[in-house]
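To start, the structure itself, in structure tokens.
In this chain, numbering begins with 1 at the start of the sequence shown.
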Amino acid sequence: MRIRSTAFRAAFAAVAALAILGLVSCAAGEDHPSAKGGLVDFAKEGDPGRDRIWLLEGEWEFHPEVFLGPGDQRIFEGREPRLLEVPGRGMKAAWGTYRLRVILPPHLVGKTLGIESREMNTAALVFVDGGEVARIGAPSATPALARPANRNMIGSFTPERGEATIVVHISNHENAKGGILEAPRIGLLADLAGQASLRGFFDAVVLGALFFMFLYHLFLYFVRRREKAALHLAIVVFLLLSRKLLTEPYLYSWLDVYDTLIRVEYLTFYAIVPAFVLLMRETFLKRLGKAFIVGLLALAAALSILTLVSPLAFCGRYYLVIYQYATLGAAIHCAGSLVMALARREPGILPHAVISVILMASGVAEILFYMRAIATVSVTQFGFLFFFLGQAAIMASRNAKTSRGYEELNQDLEVKVERRTAELKEAMKALEEASLTDALTGLRNRRFVHESIVPRARAIAARAEFHRANPEKRQVGAEETSLGLLLLDIDHFKRVNDGLGHEAGDLVLAQFARRLKENLRGDDLVVRWGGEEFLVVLENARLETVLAMADKLRGRIAGTPFRVSHAEAPTLAVTASIGCCVFPFFNGAPGLVDFGTAVRLADLGLYEAKHAGRNRSRRLSPGPAVTALAEPGTLDASLESLVERGILVVEGAAVAPGADPAPA
């Protein structure tokens with residue numbers, strides 16, 4: 001029942017729209033007296049209750065290739081004129097004089113009347129009773145001197161008797177067809193001006209609607225890139241908007257580029273048709289053949305190129321006519337595809353069919369109107385506007401259904417996202433922890449030192465420097481924080497890897513790390529510095545305690561053999577060499593040595609311990625000339641040189657008690 005109701009409403013809408021188009025067409029052809037033999041009689045149309053604007057249509061006199069003086073009627077006597085139908089298909093490239101005698105109602109004598117001409121699209125001078133009332137461009141018998149234009153005009157005159165003679169000089173050298181292509185209108189000037197203002201208002205409404213529709217669908221495409229139909233619709237709207245602007249007569253009145261604007265008008269027409277066909281294929285006519293679309297695009301491209309390089313009259317006489325027939329053929333092909341889609345009952349085709357039928361009807365009426373095959377008015381802009389509004393409504397309805405589906409999905413996704421977010425936070429926390437931890441030993445790594453210890457060391461040095469410079473602000477009994485740095489290296493570790501294998505080496509490293517942690521305080525830090533090197537950071541360590549701690553660790557390491565397999569045996573005696581110092585390195589200038597340099601000094605002590613025979617500890621402390629460390633390149637010298645120059649002092653113990661000084 002719902003389908004039938006929808007089909008009924010759609011059919012009713014289509015019939016109503018077609019009826020409106022029919023009424024519009026009928027309105028253009030109201031029963032006015034027509035000119036016969038160059039004369040039209042409105043004398044009996046003087047009833048004040050009837051419309052006081054009449055169309056000057058019918059048979060006009062036409063005198064080819066001569067400009068006859070409008071003020072002297074005797075000039076026309078004795079000449080055998082041609083009779084041209086106005087409006088009609090227009091004369092071909094030529095020049096000449098139109099003439100029409102008008103019998104006016106008696107009550108209009110002495111009143112201000114107006115004569116309005118539209119769609120002249122040529123060069124013309126309009127005279128009434130010998131006086132010039134309007135000018136469009138500049139007519140001339142010489143093509144090079146003629147200046148055509150395309151603008152609406154309203155001229156005014158005051159008849160002194162019940163008859164007026166209208167003379168129009170025309171020169172049509174640019175276009176394939178020219179002359180009076182749309183019947184002029186005559187009536188009270190105020191009525192003509194009012195209707196012109198109303199038309200301007202409707203044009204502005206249509207332009208504004210098209211502009212906002214273009215922006216809306218362009219925005220919709222950028223928000224939802226999958227909505228390609230929105231992009232196609234925006235392109236078609238843009239082309240139609242450009243054509244509407246370029247074909248408005250007022251543009252020609254202040255831009256003296258008639259030839260260019262006419263060509264651009266043709267080009268927009270060539271572009272709109274394939275763009276619109278692509279839109280229909282994207283939205284609802286999915287089965288439109290690619291060969292048909294490619295052929296239409298190729299024809300449009302070829303005619304566009306020819307339009308740019310050919311004479312203007314040639315473009316209108318041949319290219320435009322060819323494309324008009326091609327457009328009619330394309331409309332018939334699309335209509336057939338639409339009927340087939342309706343027959344197959346494709347989902348959602350009915351609303352598209354309704355608005356498409358209305359647009360196709362308006363487009364066909366437009367082409368037939370410009371081909372002068374029917375007497376109607378231009379209604380394509382309203383057909384397009386109706387089609388675009390319909391497409392926007394269909395897209396909005398589809399998006400609304402999609403949004404409801406999204407809302408239902410969102411309700412499920414919110415819970416999943418929250419759960420997933422919590423899992424992701426835990427994973428990120430674990431990943432961050434892993435990035436700061438050595439996988440083999442479970443100790444912190446160098447990255448942890450750079451991210452956590454180095455900033456803390458800077459703060460310690462800055463606070464010590466502040467208290468040194470401002471001793472009065474130091475709290476009574478407060479001690480300066482300092483860090484003890486011990487850099488340890490397992491002796492002859494390469495022999496373990498080479499002789500027993502890397503698995504044995506890994507076991508030694510893991511046991512070494514565990515033994516260090518077991519013999520340190522809870523707030524001290526052990527870091528795997530790299531390979532078989534380890535860095536110990538002692539909290540609140542003094543210069544005299546770091547060496548004692550180094551000796552203690554050496555003794556605990558050498559005191560118990562290390563397992564080199566997962567079984568209880570065999571075991572291996574392991575020793576370590578240690579270099580150490582305190583940070584800040586020099587209390588007289590806490591900022592003299594940064595944390596990285598302090599570790600480097602501990603490394604110098606480690607090197608000295610290795611050089612002295614291994615399984616030894618060496619502590620570096622500042623000498624009398626310690627301030628020389630601020631000079632670039634000082635630490636590049638050997639440790640012996642630094643000691644001789646009084647920059648550093650090296651102290652240390654030899655073999656730990658009970659340990660073998662030369663382990664195997």
With side-chain contact (heavy atoms from CB on, under 4.5 Å) as the criterion, how do Leu538 and Val582 come out once you've worked through the C-alpha distance, each side chain's angles and the decisive distance to 0.1 Å? CA-CA 9 Å; Leu538 304 175; Val582 175; over 6 Å; no
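- A donor-acceptor pair under 3.5 Å is formed between the side chain of Arg263 and the backbone N or O of Thr307.
- In this structure, Glu544 places its CD atom where more than 12 heavy-atom neighbours from other residues, nucleotides or ligands lie under 6.0 Å away.
- Gln511 contributes a side-chain N or O that, together with a main-chain N or O of Arg563, makes up a donor-acceptor pair within less than 3.5 Å.
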Quick one, Leu267 with Leu308, criterion side-chain contact (heavy atoms from CB on, under 4.5 Å). Give me CA distance, side-chain angles, the key distance, then yes/no. CA-CA 9 Å; Leu267 294 176; Leu308 293 174; 3.7 Å; yes
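- Side chain of Asp506 to main chain of Leu509: no donor-acceptor pair is present (N/O by atom type, distance under 3.5 Å, no hydrogens or angles).
- Looking at heavy atoms from C-beta onward, Thr437 lies out of side-chain contact with Phe448 at the 4.5 angstrom threshold.
- Atoms CZ and CG, from Phe276 and Leu296 in turn, are 12.0 Å apart once rounded to the nearest 0.5 Å.
- Around atom OH of Tyr607, no more than 12 heavy atoms belonging to other residues, nucleotides or ligands sit under 6.0 Å away.
- Between Arg528 and Arg444 the shortest side-chain heavy-atom distance does not fall below 4.5 Å.
- The main-chain N or O of Ala625 is never found under 3.5 Å from a side-chain atom of Arg645 such that the two would form a donor-acceptor pair.
- Closest approach of Val546 to Ala541, counting heavy atoms only: CG1-CB, 3.8 Å.
- When the shell of 6.0 Å around CZ of Phe586 is examined, it contains more than 12 heavy atoms from other residues, nucleotides or ligands.
- Taking NE2 of His232 as the start and OG1 of Thr283 as the end, the distance is 9.0 Å to the nearest 0.5 Å.
- Other residues, nucleotides and ligands contribute at most 12 non-hydrogen atoms within 6.0 Å of the NZ atom of Lys517.
- Of the possible donor and acceptor atoms, none in the side chain of Arg468 sits under 3.5 Å from a partner among the backbone N and O of Pro471.
- Looking at Arg616, its side chain never comes within 3.5 Å of a backbone N or O of Ile578 through a donor-acceptor pair.
- For Glu640, the CD atom is loosely surrounded, since the number of other residues' heavy atoms within 6.0 Å does not exceed 12.
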For a side-chain contact (heavy atoms from CB on, under 4.5 Å) check, start with the C-alpha distance between Leu520 and Leu553, then their side-chain angles and the critical distance, and finish with the verdict. CA-CA 9 Å; Leu520 292 172; Leu553 291 176; 4.3 Å; yes
Show your working on side-chain contact (heavy atoms from CB on, under 4.5 Å) between Phe595 and Arg458 and close with a plain yes or no. CA-CA 7 Å; Phe595 185 84; Arg458 292 193 188 116; over 6 Å; no
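- Inspection of the Thr575 and Arg614 side chains reveals no N or O donor paired with an N or O acceptor under 3.5 Å.
- In this structure, Val564 and Leu500 approach most closely via the heavy-atom pair CG1-CD1, 3.9 Å.
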Applying side chain to side chain donor-acceptor pair (under 3.5 Å), run through Ser577 and Asp491 and close with a yes or a no. CA-CA 7 Å; Ser577 301; Asp491 295 329; 2.8 Å; yes
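- By the neighbour-count criterion of 12 heavy atoms within 6.0 Å, atom NE2 of His450 is densely surrounded, having more than that number from other residues, nucleotides or ligands.
- Partners of Phe238 under the ring-ring contact (aromatic ring centres under 6.0 Å, His included) rule, at least two apart in sequence or in another chain, are Phe214.
- Residue Leu485 holds its CG atom at 13.5 Å from CZ of Arg619, rounded to the nearest 0.5 Å.
- Counting heavy atoms from C-beta on, the side chains of Leu516 and Leu488 come closer than 4.5 Å.
- Between Pro455 and Val449, the closest heavy-atom pair is CD-O, 4.4 Å.
- For the pair Arg287 and Glu346, the salt-bridge criterion is met [side-chain N within less than 4.0 Å of a carboxylate O].
- Under the side chain to side chain contact (heavy atoms under 4.5 Å, CB included) test applied with Leu635, the options Thr597, Asp603, Ile647 reduce to a single match, Thr597.
- The existence of a salt bridge linking Asp636 and Arg600 is confirmed by a sub-4.0 Å separation between a basic side-chain nitrogen and an acidic carboxylate oxygen.
- Closest of all the heavy-atom pairs between Ala230 and Leu220 is CB-CD2, 3.9 Å.
- Counting non-hydrogen atoms of neighbouring residues, nucleotides and ligands closer than 6.0 angstrom, the NZ atom of Lys494 reaches no more than 12 such neighbours.
- The backbone N or O of Arg554 lies less than 3.5 Å from no partner atom in the side chain of Asn615, so there is not a single donor-acceptor pair.
- In this structure, CG on Asp489 lies 5.0 Å from CD on Glu533, to the nearest 0.5 angstrom.
- Here CD1 of Ile272 is found 8.0 Å from OG of Ser242. Values are rounded to the nearest 0.5 Å.
- The distance from the CZ atom of Phe534 to the CG atom of Leu443 is 6.5 Å, given to the nearest 0.5 Å.
- With Thr481 contributing its side chain and Ile460 its backbone, the two residues share no donor-acceptor pair below 3.5 Å.
- Remark: Glu539 engages Arg456 in a salt bridge, criterion side-chain N to carboxylate O under 4.0 Å.
- Contact check for Phe284 versus Met280: side-chain heavy atoms found under the 4.5 Å cut-off.
- Within the cation-pi definition used here (under 6.0 Å to the ring centroid, within 45° of the axis), Arg515 qualifies as a partner of Phe562.
- In this structure, Leu620 and Phe585 approach most closely via the heavy-atom pair O-CE1, 3.5 Å.
- Across Arg618 and Ala612, no two heavy atoms sit closer than the pair NH2-CB, 3.5 Å.
- Leu278 places none of its side-chain heavy atoms less than 4.5 Å from the side chain of Ile235.
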